[in-house]
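Note that the structure is predicted; figures quoted are calculated from it, not measured.
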Amino acid sequence: MKRLLSVLVTVMLLCVCVAAAFAEETVTASAVEPKAKGLRISEVMASNSDTLEDAFGNTADWIELHNTTDQPIDLTGMYLSDTKKDLERYQFPDGLIIEPDGYLIIFASGLKKDVADELHTSFKLSASGESVYLMQDGLAVDIVTFTQQLTDISYALGEDGTYQFTSTPTPGEANIITPVED
């Protein structure tokens, strides 16, 4: 009986240690303040050839945010990243507002700063697939994970709340899901 109890205690301690180690790597996916509720990563394009050009005429990767609420959302103190190792890779400028039902395009161009009226992250997206994190106060507001993307095919949030690849990218507008044919 003592041996069984000893084994059970050991197993329980092992489970607690494994759970704690796993929890350190987990990014919590929940809005952290009322102002962030309703803010979504609504579309991602990691292989842009001719869908959208930036101010330089380049076709950089891009990420679209959508404010699904009827209130403006201030992005002060929020970040975008493509890696769990540095969840604060790109910080939005203080005072940047997304209007109700508004959209915001952020070019994942690899530039080190914003230019003109455009936002440019210091990182690029991988067309082979990865995750995009929208963070606030160390917690995730939204996370989108996509698999390999084809050129000019975006990964977009549909009306049913699921993400799908679409052959009709709509940067800065409501998403239109057009299934990608094989």
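In the hydrophobic cluster analysis, where Ile, Leu, Val, Met, Phe, Trp and Tyr join through side-chain heavy atoms closer than 4.5 angstrom, Ile106 is grouped apart from Leu52. Hydrophobic clustering keeps Ile97 apart from Met78 (ILVMFWY residues linked when any side-chain heavy atoms are closer than 4.5 Å, directly or through intermediates). Hydrophobic cluster membership differs between Tyr103 and Leu96, with clusters built from Ile, Leu, Val, Met, Phe, Trp and Tyr side chains linked at under 4.5 angstrom. One hydrophobic cluster, built from ILVMFWY side chains closer than 4.5 Å, cannot hold both Ile176 and Val44; they sit in different ones. Hydrophobic clustering of Ile, Leu, Val, Met, Phe, Trp and Tyr side chains at less than 4.5 Å, counting indirect connections, unites Tyr163 with Val141.
Note that CG of Asn58 and OG of Ser109 are 8.0 Å apart. Values are rounded to the nearest 0.5 Å. The line from CZ of Phe92 to CD of Gln136 is 11.0 Å long, rounded to the nearest 0.5 Å. Note that the CG atom of Asp82 and the CZ atom of Arg89 stand 4.5 Å from one another [nearest 0.5 Å]. Atom CH2 in Trp62 sits 7.0 Å away from atom OG1 in Thr51 (nearest 0.5 Å). To the nearest 0.5 Å, atom OH of residue Tyr133 and atom CG of residue Leu80 are 12.5 Å apart. The distance from atom CD1 of Ile143 to atom NZ of Lys84, rounded to the nearest 0.5 Å, is 8.5 Å.
No side-chain donor from either of His66 and Glu64 sits under 3.5 Å from a side-chain acceptor of the other.
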### Message
Between Glu130 and Leu125, does the side chain to side chain contact (heavy atoms under 4.5 Å, CB included) criterion hold? Intermediate values first, please.
### Response
CA-CA 8 Å; Glu130 65 178 326; Leu125 299 176; 3.5 Å; yes
### Message
I'd like to know whether Asn48 forms a side chain to side chain contact (heavy atoms under 4.5 Å, CB included) with Asp152, so could you lay out the CA-CA distance, the side-chain angles of the two residues, the decisive distance to 0.1 Å, and finally the verdict.
### Response
CA-CA 5 Å; Asn48 180 18; Asp152 294 315; 3.5 Å; yes
### Task
Go through the steps to decide whether Thr147 and Phe165 satisfy the test side chain to side chain contact (heavy atoms under 4.5 Å, CB included), and finish with yes or no.
CA-CA 10 Å; Thr147 58; Phe165 287 106; 3.5 Å; yes
### Query
Going through the distances and angles, do Phe56 and Val115 end up as a side chain to side chain contact (heavy atoms under 4.5 Å, CB included)?
CA-CA 10 Å; Phe56 304 108; Val115 291; 3.5 Å; yes
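Across Leu111 and His120, no two heavy atoms sit closer than the pair CD1-ND1, 3.4 Å. The minimum heavy-atom distance linking Asp54 with Ala60 is given by the pair OD2-CB, 4.5 Å. Nearest heavy-atom pair across Thr76 and Pro93 is OG1-O, 4.4 Å. For Ala46 against Asp61, the heavy-atom pair with the smallest separation is O-OD1, 3.1 Å. Taking every heavy atom of both residues into account, Glu118 and Glu53 meet most closely at OE2-O, 4.5 Å. The shortest non-hydrogen separation linking Ser131 to Thr145 is OG-OG1, 2.6 Å.
Looking at heavy atoms from C-beta onward, Leu65 lies in side-chain contact with Ile98 at the 4.5 angstrom threshold. Residues Pro100 and Pro72 have side chains in contact (heavy-atom distance under 4.5 Å, counting atoms from C-beta outward). With a 4.5 Å cut-off on side-chain heavy atoms, Met45 and Gln149 count as touching. Between Phe123 and Thr83 there is no side-chain heavy-atom pair separated by less than 4.5 Å.
Not a single donor-acceptor pair under 3.5 Å links the side chain of Asn67 to the backbone N or O of Gly102. Side-chain atoms of Thr151 never come within 3.5 Å of backbone atoms of Ser47 as a donor-acceptor pair (strictly under, hydrogens ignored).
Considering Ile105, Leu134, Val132 in turn, Val132 is the only one that fulfils the side chain to side chain contact (heavy atoms under 4.5 Å, CB included) rule with Ile63.
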Using distance only, find each side-chain donor-acceptor pair of residues 153-161 under 3.5 Å and give its atom names and separation, not counting sequence neighbours.
unit_1, atom_1, unit_2, atom_2, d
Ser154, OG, Glu43, OE2, 2.7
Asp160, OD1, Thr162, N, 3.0
Asp160, OD1, Thr162, OG1, 2.8
Asp160, OD2, Thr162, OG1, 3.2

